[in-house]
Amino acid sequence: MAQIKLENINKIYDNGFHAVHDFNLEIKDNEFIIMVGPSGCGKSTTLRMIAGIESISGGTLTIDGKVCNGLKPHDRGISMVFQSYALYPTMTVYDNLAFGLRLAGFDEDEIEVRVKEVSEILGIQSYLARKPKALSGGQQQRVALGRALIRHAKVFLMDEPLSNLDAIQRVNMRSEIRRIHNTVGATTIYVTHDQIEAMTMADRIVVMKDGYIQQIGTPKELYFKPVNMFVAGFIGDPQMNFIYGKVEGEKFIAKDGSVIELKGFNSKILENASKKEEVVIGFRPECCAVEKIKDAKQFESAMNVEVSEMLGDTLNIYGYLGKNHMVVRTNPFTKYTVGEDLKFYVNYDHVVFFDAKTEYIINED
Ligand code: ATP
């Protein structure tokens with residue numbers, strides 16, 4: 001187990017490109033951290049700097065109190081799992097697992113004990129004699145994880161380890177990796193562009209954009225208390241609804257004149273929002289509802305149904321509140337017809353407001 005501290009870490013590549021800016025993070029013993037963000041945001045660069053396969057341009061990396069900036073990768077007590085499984089095709093699973101330990105001079109009895117241990121954790125005992133090409137993608141990824149586990153490293157780094165798997169294998173491996181983490185208990189830093197992986201697996205998530213940390217928090221904090229519109233939009237599927245407009249009293253008035261009632265909503269936030277020239281109201285698709293009633297159009301808030309997605313357990317209804325495109329996630333038995341107007345409600349327990357200029361959240365203070 002290990003504590004990792006990144007203080008003001010920066011990366012400037014040789015061509016002058018500044019890929020990571022002032023990255024600050026303290027990772028606790030045994031914590032499962034996921035770095036997430038769109039392509040090019042600097043998450044892999046940060047991971048590679050922790051691994052030691054990319055130099056650190058500025059700042060300090062400490063593992064268990066020891067500054068690691070200048071240490072070689074194998075002196076950092078780290079194991080890394082990549083997107084490509086990088087298994088040796090001519091070797092059996094057993095030999096793939098044993099390879100690193102043989103290089104490090106372990107005797108065969110100890111190697112056998114460790115292969116047995118990790119193959120039991122991963123459930124790969126029955127194919128130790130097979131070559132990688134006789135395994136499914138998910139099984140190959142398990143072996144790749146096994147190669148990292150067998151070294152008993154105190155830190156695991158994983159770079160998009162599930163991206164070569166199909167959708168079902170990915171879902172299975174998500175819980176599998178979490179189970180392994182709970183069993184083995186090593187500090188883990190995991191990189192992905194997939195917000196669902198981040199939400200389902202992480203203790204804490206680091207959201208990055210253009211080389212900057214946007215927010216660090218638990219999945220729940222990021223979902224319900226995003227600091228800005230980027231985080232709010234990146235986390236959650238379907239995306240949070242955003243409508244531009246103004247707050248007047250206890251009403252939100254969209255640019256096109258559509259109205260959302262906010263009677264009883266946090267008065268301090270309303271007051272702060274009403275001082276801004278323009279705000280954005282944000283609400284999750286499951287924090288609103290629609291109702292089929294006669295002459296729904298006569299109400300200030302009516303949603304015109306454009307299209308729907310029936311997922312079995314839920315129903316996503318896409319449509320327009322005035323000119324504003326929106327999605328409502330509701331129960332699959334909701335009555336509606338494409339093209340009709342439905343009465344629209346927002347459950348404002350989880351409504352948030354952003355300053356349209358800065359795109360940052362408007363709080364009570
Ligand atoms: P992806 O999900 O696509 O891997 P990422 O968030 O992991 O994206 P990085 O690979 O860390 O992003 O790259 C961050 C930025 O640094 C990108 O704009 C990339 O083009 C740039 N970059 C990466 N490697 C180098 C390099 N060797 N020299 C110059 N720029 C680089």
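The first residue of the sequence shown is numbered 1, and numbering continues consecutively from there. When reading the values below, keep in mind they use all heavy atoms of this one structure, side chains included, and skip hydrogens, waters and symmetry mates. In listed order, ligands and their atoms are each counted from 1.
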Stepwise side-chain hydrogen bond (donor to acceptor under 3.5 Å, both in side chains) test for E306 and H325: CA-CA 9 Å; E306 182 193 29; H325 194 246; 3.2 Å; yes

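The protein heavy-atom contact nearest to atom 8 (O) of ligand 1 is G40 N, 2.8 Å. Taking atom 2 (O) of ligand 1 as the reference point, the nearest protein heavy-atom neighbour is K43 NZ, 2.8 Å. Given atom 3 (O) of ligand 1, the protein heavy atom at minimum distance is S39 OG, 2.6 Å. For atom 10 (O) of ligand 1, the nearest protein heavy atom (residue, atom name, distance) is S44 CB, 3.8 Å. Shortest contact from atom 26 (C) of ligand 1 to any protein heavy atom: Y13 CD2, 3.3 Å.
Side-chain contact check for T330 and Y336: no donor-acceptor pair (N or O, by modelled atom type) lies under 3.5 Å. Between the side chains of D256 and S258, at least one donor N or O lies within less than 3.5 Å of an accepting N or O. Judged by distance alone, the side chains of T187 and K28 never bring a donor and an acceptor atom under 3.5 Å apart.
Side-chain N or O atoms of Q215 include none that pairs as donor or acceptor with a backbone N or O of L222 at under 3.5 Å.
Counting heavy atoms under 4.0 Å from ligand 1, residue H193 does not touch it at all.
Relative to the six-membered ring of F99, R147 misses at least one condition, a distance below 6.0 Å or an angle of at most 45° to the axis. The cationic group of K343 lies under 6.0 Å from the six-membered ring centre of Y345 and within 45° of the ring axis, placing it in a cation-pi geometry. Figure legend: K209 and Y212 shown without cation-pi pairing, the cationic atom not lying both under 6.0 angstrom from the six-membered ring centre and within 45 degrees of its axis.
The nearest protein heavy atom to atom 19 (C) of ligand 1 is not closer than 4.0 Å.
For ligand 1 and N15, the ligand atoms under 4.0 Å from any heavy atom of the residue are 29 (C). Atoms of ligand 1 found under 4.0 Å from any heavy atom of F17, numbered from 1 in the order shown, are 15 (C), 16 (O), 18 (O), 21 (C). For ligand 1, the atoms closer than 4.0 angstrom to any heavy atom of T45 are 9 (P), 11 (O), 13 (O), 14 (C).
Under a 4.0 Å heavy-atom criterion, G37 is not in contact with ligand 1.
Polar contact check, A19 against ligand 1: no nitrogen or oxygen pair lies under 3.5 Å apart.
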